[in-house]
Chemist: 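My structure is below; once you've seen it, I'll send some questions.
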Amino acid sequence: MNGPETESLDFVRQIVADDQSNGKNEGRVHTRFPPEPNGYLHIGHAKSICLNFGIAERFGGLCNLRFDDTNPEKEETEYVEAIQEDIRWLGFDWQDRLFFASDYFEQLYLWALELIRQGKAYVCDQTAEEVREYRGGWNQPGRESPFRDRTVEENLDLFQRMKAGEFADGEKTLRAKIDMNSANMNLRDPAMYRIRHVAHHRTGDAWCIYPTYDWAHGESDSIENITHSICTLEFENHRPLYDWYLEMLGAHHPQQIEFAKLVLSYTVTSKRKLLELVKGEYVDGWDDPRMPTLSGFRRRGVTPESIRNFCNAIGVTKFNSLTDLALLERSIREHLNQITPRVMGVLDPVKVVIENYPEGEFEMRDAINNPEDESAGTRQVPFGRELYIERSDFMEDAPRKFFRLTVGREVRLRYAYFLKCESVVKDEQGEIVELRCTYDPETAGGKAPDGRKVKGTIHWVSAAHAVDAEIRLYEHLFTQENPADVPEGMDWKELLNPDSLKVLTGCKLEPSLAEARPGDRFQFERNGYFCVDSKDSTADQPVFNRTVALKDTWSKVQKKQS
RNA sequence: UACCCGGUGGUGUAAUGGCAACACUUCUGAUUUUGGUUCAGACAUUCAAGGUUCGAGUCCUUGCCGGGUAACCA
């Protein structure tokens with residue numbers, strides 16, 4: 001008998017699978033996604049969300065949403081709401097398990113008192129500068145704080161007074177008493193609490209001492225009965241501290257597992273940089289379609305399925321890689337190809353007059369809505385004497401490989417007739433303003449009864465029926481493949497692509513698009529995938545965002561020739 | 001300089017001591033009323049050197065290269 005298809009698991013899922021089959025945590029699997037509400041979610045977070053929620057799903061477990069809100073200076077309710085919307089949009093559900101680290105401030109405080117009683121934590125009066133100095137360096141052991149040996153009673157008293165607000169910001173900290181000689185800097189008596197007289201977005205003025213990440217995170221995991229605490233590589237050196245706190249407390253001890261975060265080419269996912277792009281108005285906001293944020297992708301027309309599919313495809317490892325944006329684009333095209341209705345839209349119009357087509361007369365042509373999906377049916381598109389076609393679909397001195405329109409040559413108008421260009425009308429500047437053409441009435445539907453063939457098929461829109469629209473074309477946000485590699489002496493923002501947004505006005509769309517609603521997605525045949533902008537589009541002034549262009553073999557041929 | 005973690009085609013991953021596999025990109029060709037889609041084909045001596053083994057991408061040693069780490073950020 002043949003063995004079952006062996007499913008290949010990434011190393012995190014392998015650990016979880018082993019733990020489950022070994023009966024660890026009674027076979028229970030419980031993960032969490034722990035964003036800090038200090039910015040919007042981006043594509044890197046999507047990888048983590050898909051991992052955490054995906055593992056819960058795969059192993060019959062649960063995944064919590066927990067906001068890591070231990071630093072009131074940077075965190076805001078706006079972000080809390082946006083983050084939830086983005087996760088739901090991505091397609092994941094935390095059900096009733098919405099938590100906040102700030103929910104655990106009281107428990108954390110009680111645990112801190114316990115560590116003090118154990119002699120494992122002390123109140124330190126050193127300034128931030130002194131702490132840094134005493135910590136030592138990689139080749140230099142740390143020195144113990146002069147406050148390290150305070151008695152339990154004194155520590156208890158001082159810590160309670162810290163909480164009561166008797167001290168100013170930065171005047172005292174609570175520190176874990178571990179090892180000032182550790183090779184791991186995180187173990188050189190790390191801070192557990194700092195004093196900040198700042199209102200918290202949820203607890204208001206209830207607290208003026210706030211726990212640090214290391215102190216709050218593992219303990220929050222423990223409280224929520226998490227089994228596998230999955231985080232990114234930069235926390236690898238924190239794991240001994242994560243473990244230390246939990247061991248001292250004798251509390252439920254989740255396993256921290258670190259994986260490499262996503263780095264995508266031609267964009268940045270540093271929250272600091274994204275925030276700077278927004279605040280500095282280099283982009284239109286967190287949901288600017290050029291942003292790698294989930295809200296940016298959503299506004300651009302990307303589907304959540306594409307993003308999930310992408311996250312699935314890139315895998316999970318501990319290797320710091322640079323993922324090619326082409327992989328994400330491939331995912332986007334793949335899904336959009338399946339689901340989007342086809343329409344005709346001319347981005348850069350030039351007028352065609354069909355001299356032998358009667359003036360003032362129109363007819364309806366049948367067009368297929370989606371060749372990938374027969375159930376999408378057909379629609380009718382008006383055709384008449386005056387049309388718009390794409391300026392780039394005509395060339396005066398056409399090279400041999402140019403299959404489109406040129407004087408004296410025939411092309412097919414998609415779903416309509418063969419069209420032949422007779423002459424070109426130009427203005428004083430030599431700019432083409434009109435193409436005088438004739439059509440062959442025998443070729444209705446695009447086939448010639450005499451069997452003659454045309455090499456090219458181009459799209460068109462009836463001038464009398466066209467819907468005018470604004471179209472926004474997007475390119476990479478950065479000119480450099482890895483914008484994190486900033487050349488010496490250069491500001492990273494100089495790497496921003498000046499052509500990342502191109503606004504086209506006076507675009508001509510087929511009349512069915514008058515019905516399009518914000519968020520609706522289409523394939524403009526031969527151009528790309530577009531969606532109605534959710535912020536700026538109105539019935540009178542429709543605005544479309546290009547999600548991604550269609551693959552374009554012709555532009556490659558052209559590039560090779562020049 | 002210390003500690004931790006990595007290294008498989010151009011890119012991302014798989015191979016759990018037994019024929020280096022898949023996807024993307026690129027290139028060729030076929031099909032096509034979208035220069036889209038689809039289909040077929042091409043593209044690697046697994047960072048290096050030693051060792052263990054009948055057999056090593058995988059295990060061991062050393063070296064090389066890359067990343068992370070010295071916030072009262074997360």
Chemist: At less than 4.0 Å, is any side-chain N or O atom of A/Thr553 found next to OP1 or OP2 of B/rG36? Yes or no.
Modeler: yes

Chemist: Would you mind telling me which of B/rG12, B/rA70, B/rU34 lies closest to the side-chain atoms of A/Arg526?
Modeler: B/rU34

Chemist: Establish, with yes or no, whether the OP1 or OP2 oxygen of B/rA71 is under 4.0 angstrom from a side-chain nitrogen or oxygen of A/Thr212.
Modeler: no

Chemist: Could you list the residues that satisfy side chain to side chain donor-acceptor pair (under 3.5 Å) with A/Tyr193, not counting sequence neighbours?
Modeler: A/Trp215

Chemist: Measure CG/A/Leu187 against P/B/rA2 and give the value in whole Å, please.
Modeler: 19 Å

Chemist: Indicate whether the side chain of A/Asn38 and that of A/Glu76 have a donor and an acceptor atom separated by less than 3.5 Å.
Modeler: no

Chemist: Counting only side-chain heavy atoms from C-beta out, which of B/rU69, B/rA2, B/rG12 sits nearest to A/Asn237?
Modeler: B/rU69

Chemist: Check if the side chain of A/Glu236 and the base of B/rG67 share a donor-acceptor pair of N or O atoms closer than 3.5 Å.
Modeler: no

Chemist: With a 3.5 Å cut-off and no angle check, do the side chains of A/Glu410 and A/Tyr417 form a donor-acceptor pair?
Modeler: no

Chemist: What integer distance in Å separates A/Leu241:CG from B/rU69:C1'?
Modeler: 13 Å

Chemist: Looking at B/rU34, I'd like to know if its phosphate oxygens (OP1 or OP2) sit under 4.0 Å from a side-chain N or O belonging to A/Arg342.
Modeler: no

Chemist: Under 4.0 Å: is that the gap between some side-chain N or O of A/Arg135 and OP1 or OP2 of B/rC72?
Modeler: yes

Chemist: For A/Leu405, is there any backbone N or O sitting under 3.5 Å from a side-chain donor or acceptor partner on A/Asp393?
Modeler: no

Chemist: Below 4.0 angstrom from OP1 or OP2 of B/rC73, is there any side-chain N or O of A/Arg196?
Modeler: yes

Chemist: Mark up nucleotides 15-25 of chain B, 5' to 3', with B wherever a protein heavy atom is under 4.0 angstrom from a base atom, S wherever such an atom reaches only the sugar-phosphate, and - elsewhere.
Modeler: SB-------S-

Chemist: Ignoring backbone atoms, test whether A/Thr317 places a side-chain nitrogen or oxygen under 4.0 Å from the OP1 or OP2 oxygen of B/rU13.
Modeler: yes

Chemist: Can you check the A/Asn309 CG to B/rG12 C1' distance for me, whole Å?
Modeler: 14 Å

Chemist: For A/Ile458 and B/rU32, what is the distance between atoms CD1 and C1' respectively, to the nearest whole Å?
Modeler: 17 Å

Chemist: Could you measure between the two P atoms, the one in B/rU31 and the one in B/rG18, and give it in whole Å?
Modeler: 44 Å

Chemist: Looking only at the side chain of A/Lys318 (C-beta and beyond, no hydrogens), which of the listed nucleotides B/rA74, B/rG6, B/rU37 gets closest?
Modeler: B/rG6

Chemist: Please check if any side-chain donor atom of A/Glu258 sits under 3.5 Å from a side-chain acceptor atom of A/Gln256, or the reverse.
Modeler: yes

Chemist: Kindly state whether the pair A/Trp138 / B/rU69 counts as stacked, where counting means centroids closer than 5.5 Å and planes tilted less than 30° apart.
Modeler: yes

